[in-house]
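Scroll down for the structure; my scribbles are underneath it.
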Number of protein chains: 4
Amino acid sequence: MPRIRETGIYDSRLPTGPLNAITDVGGVSVGHFTLIQGDGAWKPGRGPFRTGVTLIIPQPGNLYQEKVPAAVHTINGFGKVAGFEQVRELGTIETPIALTGTLNVPRVADALMTLAIEENPHIGIGFASSGRRGYASVNPVVGETSDGYLSDIQARPVGEMEVRAALAAAYNGPVAEGVVGAGAGTSCYGWKGGIGSASRVLSPAEGGFTVGVLVQTNFGAPEELVIAGVPAGRTLQPPAAPAIAEPTGSSIMMVLATNAPLDSRQLGRLARRAAFGLARTGSTCHTSSGDFVIAFCTAYRVADRPAEIVVSRPCLAAEQSVLNALFLAAVEGVEEAIYNSLFMAHTVTGRDGNTRYALPVDEVIALVGRQRSTGAAKGD
Amino acid sequence: MPRIRETGIYDSRLPTGPLNAITDVGGVSVGHFTLIQGDGAWKPGRGPFRTGVTLIIPQPGNLYQEKVPAAVHTINGFGKVAGFEQVRELGTIETPIALTGTLNVPRVADALMTLAIEENPHIGIGFASSGRRGYASVNPVVGETSDGYLSDIQARPVGEMEVRAALAAAYNGPVAEGVVGAGAGTSCYGWKGGIGSASRVLSPAEGGFTVGVLVQTNFGAPEELVIAGVPAGRTLQPPAAPAIAEPTGSSIMMVLATNAPLDSRQLGRLARRAAFGLARTGSTCHTSSGDFVIAFCTAYRVADRPAEIVVSRPCLAAEQSVLNALFLAAVEGVEEAIYNSLFMAHTVTGRDGNTRYALPVDEVIALVGRQRSTGAAKGD
Amino acid sequence: MPRIRETGIYDSRLPTGPLNAITDVGGVSVGHFTLIQGDGAWKPGRGPFRTGVTLIIPQPGNLYQEKVPAAVHTINGFGKVAGFEQVRELGTIETPIALTGTLNVPRVADALMTLAIEENPHIGIGFASSGRRGYASVNPVVGETSDGYLSDIQARPVGEMEVRAALAAAYNGPVAEGVVGAGAGTSCYGWKGGIGSASRVLSPAEGGFTVGVLVQTNFGAPEELVIAGVPAGRTLQPPAAPAIAEPTGSSIMMVLATNAPLDSRQLGRLARRAAFGLARTGSTCHTSSGDFVIAFCTAYRVADRPAEIVVSRPCLAAEQSVLNALFLAAVEGVEEAIYNSLFMAHTVTGRDGNTRYALPVDEVIALVGRQRSTGAAKGD
Amino acid sequence: MPRIRETGIYDSRLPTGPLNAITDVGGVSVGHFTLIQGDGAWKPGRGPFRTGVTLIIPQPGNLYQEKVPAAVHTINGFGKVAGFEQVRELGTIETPIALTGTLNVPRVADALMTLAIEENPHIGIGFASSGRRGYASVNPVVGETSDGYLSDIQARPVGEMEVRAALAAAYNGPVAEGVVGAGAGTSCYGWKGGIGSASRVLSPAEGGFTVGVLVQTNFGAPEELVIAGVPAGRTLQPPAAPAIAEPTGSSIMMVLATNAPLDSRQLGRLARRAAFGLARTGSTCHTSSGDFVIAFCTAYRVADRPAEIVVSRPCLAAEQSVLNALFLAAVEGVEEAIYNSLFMAHTVTGRDGNTRYALPVDEVIALVGRQRSTGAAKGD
C-alpha cells in the first residue's frame, strides 16, 4: 500500500519533511496500540474489537513540569474530547495527547492521570515554593472518533494497559498509518480510514519551520470524497453499501505540531486552518461529526514552577507573512494526512461481519490520473 | 447548623421557592454519595478519603431520548470538566449532571456512560429510522473541584458503584448541603465548603418562573470572604492556618436550573450571570480556579429522534424584561447557595490530619449582624 | 458573461432555486449602489473610485420592530465589521445588512442608523410600555472587504447618500453580480472579483427549505484558485502580474439566508459551514484576510416589544438529518457564489492605472472541461 | 467633590499608584472632549447635548507602526463597539481607544481612521517590503454607552473635530473624572455617572507591576447600588425618580492597562476579571447592557512590519502566582473606578429637563461609615 504521494497523483506547493509525518517536527514521537480481537456477532461488552489508542508525545522529558504551548479548536463539537477547557485557558498541554474510540475517552484520560502521577508523585500532595502554594492536578488531553461500526464500543476496552503499551511503542521515526492504533476501527467517506500523517517544510526565507500533522479519520459519506481535486466519490462506491452508510459518530481528530515559535493565540490561528484542509477532501462537516483540532509548538517549554517572574521567549513576529506559509503547510498537511489514512488502510471486517473496504487505490490512481493528466496542471 | 437565611443576616430582593433549593424547579432531583473513609497519614492510592459524587438529574424519564436544553459557560478554565464541547454545539444535556473530585472525572464519566448504555442498549449498535442512520454515542457531563487537601485524590475512588449509589439516593425534595456528596472534601475561603443550594421565584407579572441553583464550593482565600456585603474575611481567619493556604485547585461548579422556556442562547446568557453571584462573596477568580457554569431548562424536551422535521416550542419573548429578573434570580441564587455551602458544613479532618474548620456561624452572625443592624439596609 | 452553471463546467448535488440567488429565499431583497468615478493617478481623498455598497434586506417591513433571527461567525478576524457583538448576544439583526469597502464601514453604519431613526423616531427618546422602560439604540450590521488596489480608500466615499441609493434599488428578483455595489473594486485570486450569489433547495423529504448565499469576494492568490476541483491557478495567471499581488486586505463576506426555522444556535452552525465552501475554491485563509459570515432566518420574526412573555416558535427538530442537508446547501452555495463573482466580473482599471482582469472564462471552460470530460464524474 | 478613597469609607488590599489612575501605567495618556450645549426641549438632531469623547492613548509614538498587545472581552454584548474582531484575531491595538455615546461610534471610528491615515499616509496605497505586499487598512477601537436620557443621541454630534480636540487635550497626569468626555451624559445606578479611574501596584515580590483602570459608567438600577459592601441602594434613591428609571442602553466600558508583560491570552484572562469588580458595586448585568472590557499591555510593542521573523519578548512566566495579584488589582481597580465615576460627578440636567443627580456623597459617607465603623473590618 503506497502513500498517496508515492502514487504520483498528488503533489503540493510546499515540500514535505524527510518522513512526511508529524515526527518531522523534532522531538515529537508517536505510539500506537491496536486492539483487534474476536470475530462474528456482537456480544455487548465482550467484542469483537477493532479499536486502539494513539499517543502523540509533543516533546521528550517531563511534560508536566515543562509543558508545551498549545491551542485547541472545535470545528463541530459533537464529540467527547477531554481537556479542552484548560488548554483554552492556560495555552499549554502537560500530558501526551491520546486519540482513541469515543467511549474509551474516560478510561484513557484516567490512564493518562495514572502516568502523570507516577512521574509526578507530588500531584495531590500540595506544594509550597516560590510564593506559590497548592495542590497539583493534571489535565489529560484526549481526542476521539467512534469506531462503532466495526467494534464493540459499549465495552470500552482501551484503558491503562493499552495506554502503557502505546507509550512503550512510541518513537520519533516513521509513523504507522491506516489500520493502527486509534484508527483500527474507523471509517472515512464510507471506506476504511484510520491514522494518517504528513508534514511540510517552509523555505529558509520563511524561517525554514516544519509543520507536522496526524489525523484520525472517521467522517464523510462515500459520495463526498474528493481526491486531489477529483470528485472520486461520484464514481467510486464501496463494493457493498453498508446497511448504515452514514455514521452519526463520524468525526475527525487533527493534531498539528510545529517548531515555529508560536504563542497560544497564533497556534489557535493555525488550528483554525485545519478545516480548509479537511474541506479539500470533500467534507461538509456533518452535524453529528466531532471535528476537533489540537495544535502545539515545540520551540519553547512552559515551566510548571518557573524560577523567574518574567522570562524571555521567542515569538514569531512576522505574523503577516511567515504565518501565511504556516497556514498553507497546515492546510496541505491535513489534506495529505487524510489521504494517507485512506491509502494506507486495508479492508477490515469487524463486529457482526460489518466490513469497511480499503479504498481501491488502483482505481483511484486511474480515475484521478486520467483526469489530471489531460490538463496542464500537475498538482494539488 | 442553620442555612444563612434562617440566621437573619441575609435576605434578598426576590423570594425563594418553598425549599430554597434547585429542586424547587419541578422535576429536578439531586442525589449524593459521600465517601468518608480512613484517617491519618496519606497512603497514596489507599486514602484517607473525603470525597464523593453529586448528581443533578434535570428531569425524570429517559434523558437520552428526551434531552433538556442547556448551555455551559467557563469563567476560568483551569479544570477538567467533561462534556462541554457537545453541549456548546447541540445545546442539550442527555445524562445526569455529575459533580465530583477533580481526578475522579474520568471514572464518573465512564460510569454515566455505563448507565446510559443500560437504559439505551442501542448505543453503539447503530440504527436506521426516518432517513437518519448512525451509531449513537453519549455525552456525559461532569464537573469537578479538587478535594486534595483532605482526600487522597491520586486514588480516584469514585466510580460506577458510587455513581449508582448517588442515583439511587436522588430525590426531588430538600437538598442535603455542606459536607455531602461532591462537597465532602472541598474548601471555601479557607473554611470547610461543600454543597449549597438556593432558589428564587419571579413574580406572576414576570411569568412566575423559578431559578434553582446548586454549587460545589472549593475556592477563595480566607481574607477574601464577604458575607452579605460585610468583608468578614478581614477579621475571621481559620483557627489554624493550614500550611498551604491557597489551593491551586480552588474551583467552583455552579449548576442553574429554570422552568422558564429559554433556548440554548438564552441559557448561556443566564449562565454568564453566575459570575456576578460568585463575586458577591468576595472571589477574584484565581488563575488556577476552575469556575464553570452549567444551565438547563425544564420547560420542554428535545427528542433524540424527532418524529417531525419542525416542531413548535415555547420561547421567552420578553428578553428585554423578564430575562433581567431571571438574571437577578441567578445572581442571588448563586450567592446564597455559596453561603449555604459554608453555613451547612461542619469541620472535617482528612488525610495527614489536614483540617478544614466549619465557618463559626455565631461569630459570623455577630459580625455581620452588628454591621448591618446599624444601617437602614436590611439585606442583600 | 455567463454564470458558471451556464457554462456546463459546474454542477452540484443539490438543485438551485429559480434564480440561483439569495433572493430565492422569500422576502429577501438586494440593492446595490456602484461608485465608479475618475481615472488615472490617485489623488488621496479625491479618487479615482471603484467602490460601492450592497444591501441585503432580510425581510420586508420594519426590521427594527420585527427583527430576524441571526448569527455571525468569524473565520479570520482581520477586518472591521460592525455590529457583530450584539448579534452574538441577542441572536437578531435589526437593520439591513450592508457590505462595502473597508474604510467606508463607519460611514455606512452611520447611514444605517439614520435610516433606522427615520423609521423609528422613538430611538433615543425612551419609552415605557409593558413594564419595560428604556432608550432604544440600534445596531447596524456592516461587512467589508478592501478595494484599495483599484479605489481611493482613504476618501471613504460611501455614506448616507449611497446607502439610500442602494436601498431604493433593492428588489427581490435576480441579483446583479460581478462589478457592482460592494464588489465594484474588489479582487479574487488575483482576478477581478465582486458580488456573487447562488441558492440551493432541499428535497420535500428534507423540508423543502431554501438556502441563499451572497458573497463579496476579495481574497486569495492567483496560484491558489481551484474551479470545480481543477487547480486552475496552476496554469492561469493574470496577464500582467500586478506589482502588489497579494493584498493584505484580502477578505470575503458571506451572507447566508434560509427559510428553515433555525434558532440562533443553529444559524451559527450553518454559518460555520461557509468555510467549507470557501475552501473548495482554493483559499487557505490568509492571515490578513477578514473572512466573516452572517446568517439569518426568515421563518419567524422577533418582536422588539413583544406583547406576551412567552411565544411559540417553529424550531427545526431534525437537527441530526435535515441540518446536514442545509449544511451541504450552504457549502455548495458559497462555492458557486464565489465562482459567480469571478465569472460575472469584467476587467476594471482603477486608480493609478491598476487593473484587475476578468477571469478568462473561455480558457477556464477549456481547462476545466478538458479535465473533467475525461473522467466519469460530472460534478463538483 | 472627593474621590471615594479620600472620604475614608473605602480602602483596598492593594495600594494605589501615585495618581490612582490609569495614567499610573507609564506612557498612558487620557484626553477628554466634553460637549455640553443647549437646554430645554429635545429638538431631534439639534440638541441639547450632554455627550463627548474620551481617548485612552496606550503609548506614545506611532501606534500603527508599533502596536500594543491587547485583548477584548464581552461580558454582555448589547452594544455597538468597533474593532473587537481584529483585536481578538491579532491581539493588538493600533489606534487610540475611544469611548463615546452609543450612536456616535461610527463617526468617532471614522475620525480615528482619518487620524491614522494622516500619520500613516501609505494606508490604502499598498506597499512591498520584506517579502510582504499589501494594502494597509486600520482598525479603530471604539467603546460606547448610551447617554440618551440627557442628550440628543439621534444627532450623533461627536466626530472628527471632537476627537481631535480630545487628542490635543491628552496628557499623562491626573485623569479628570465624573461629568467629562464620554461620561458627560451617562448615568450609573440611577445617579449621574461618568468617567472614573483607579490603579493598583503590586509588591516588588510580585514584580511591582501596575494595573490602571478607566471606566465609562452607564448602568444599573438605583436599588442595586452597593458601596464598599454596603447596599446603599436600599435606602438611597435619586430625589425625583425619573419617569424612565432603567435605561435599556445601560452599559459600562472598562479599559485596563498594565506594564506587566502579558501576551494576548493573558490579557484576556485579566480582562475577564473586570466582571468581578463590576459585580462588587451591585450590578447584575442587565440584558440590555453593553458591558465590555479592553485590556492592553505596555511592556513591549508589536511592529507592523517587523525586520526579523522571530523576536524575543518578555513573558510573565509566573502565571500561577503573580497573575493572581494582577487579577486582584483589576478587580479592585474596576470597583474603585466605578465609585470614582459616581463620587466625582455633579448633577446634570439635560434634554427635556431630564436630570441625573449627583450621588449625595455626605449621605453615602454617613451611611457606609456608620455600618462599617461598627465592625472590626476596615476595608472593602
Side-chain angles (χ1 to χ4, degrees), chain C residues 42 44 74 76-90 102-103 105-114 117 121 123-128 132-140 142 146 148-149 151-156 243-250 287-288 290 292 354, chain D residues 42 44 74 76-90 102-103 105-114 117 121 123-128 132-140 142 146 148-149 151-156 243-250 287-288 290 292 354:
Chain C
W42 184 33
T74 296
N76 192 58
F78 197 143
K80 287 79 185 169
V81 291
F84 271 36
E85 294 304 304
Q86 187 163 321
V87 178
R88 283 203 185 93
E89 187 72 42
L90 301 183
T102 302
L103 299 192
V105 167
R107 294 185 184 177
V108 169
D110 190 63
L112 290 177
M113 285 178 171
T114 298
I117 290 169
I123 288 179
I125 301 179
F127 58 87
R132 296 176 47 227
R133 297 175 295 183
Y135 311 103
S137 60
V138 60
N139 183 55
V142 187
S146 174
Y149 184 65
S151 195
D152 170 14
I153 64 170
Q154 290 193 1
R156 289 156 280 167
I244 296 168
E246 189 188 326
T248 59
S250 62
T287 173
S288 46
F292 298 99
N354 287 348
Chain D
W42 183 34
T74 297
N76 193 57
F78 197 143
K80 286 79 184 170
V81 292
F84 271 35
E85 294 303 305
Q86 187 162 319
V87 178
R88 283 203 185 92
E89 187 72 40
L90 301 183
T102 303
L103 298 192
V105 167
R107 294 184 184 178
V108 169
D110 190 62
L112 290 177
M113 285 179 171
T114 298
I117 289 169
I123 289 179
I125 299 179
F127 58 88
R132 297 176 49 225
R133 298 174 294 183
Y135 309 101
S137 60
V138 60
N139 183 53
V142 188
S146 175
Y149 184 66
S151 196
D152 170 13
I153 64 170
Q154 291 193 2
R156 290 157 280 167
I244 297 167
E246 188 188 329
T248 59
S250 60
T287 173
S288 47
F292 298 100
N354 286 348

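Residue numbering restarts at 1 for every chain, and letters A, B, ... go by the order of the sequence lines. What's counted below: heavy atoms across the whole structure, side chains too, no hydrogens, waters or symmetry copies.
Minimum heavy-atom separation, K80(C) to V138(D): CE-O, 3.2 Å. Closest approach of T114(C) to R156(D), counting heavy atoms only: OG1-NH1, 2.8 Å. For I153(C) against A136(D), the heavy-atom pair with the smallest separation is CD1-O, 4.2 Å. Closest approach of V81(D) and E85(C) over heavy atoms only: CG2-CG, 3.6 Å. Across every non-hydrogen atom of G124(C) and W42(D), the tightest pair is C-CH2, 4.3 Å. Closest non-hydrogen pair, Q154(D) versus P121(C), comes out as NE2-O, 3.0 Å.
For chain D, no part of D152(C) is nearby; none of its heavy atoms comes within less than 4.5 Å. Proximity to chain D (any heavy atom under 4.5 Å) is shown, for A109(C), by both the backbone and the side chain. Of the atoms belonging to V105(C), not a single heavy atom falls under 4.5 Å from chain D. The parts of Q86(D) that come within reach of chain C are both its backbone and its side chain, each placing non-hydrogen atoms under 4.5 angstrom from that chain.
Of the listed residues (I117(C), N76(C), D110(C), V108(C)), the greatest number of heavy-atom pairs within a distance under 4.5 Å of chain D belongs to D110(C). Each of P106(C), A111(C), S151(C) has some count of heavy-atom pairs under 4.5 Å with chain D, and the biggest count is that of P106(C). Interface check for chain D: of the options A82(C), G79(C), P140(C), the most heavy-atom pairs under 4.5 Å are formed by G79(C).
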TODO: May I have the step-by-step check of side-chain contact (heavy atoms from CB on, under 4.5 Å) for T74(C) and R88(D), ending in yes or no?
DONE: CA-CA 10 Å; T74(C) 296; R88(D) 283 203 185 92; over 6 Å; no
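Here L90(C) contributes atom CG and S288(D) contributes atom OG; the two are 9.0 Å apart, rounded to the nearest 0.5 Å.
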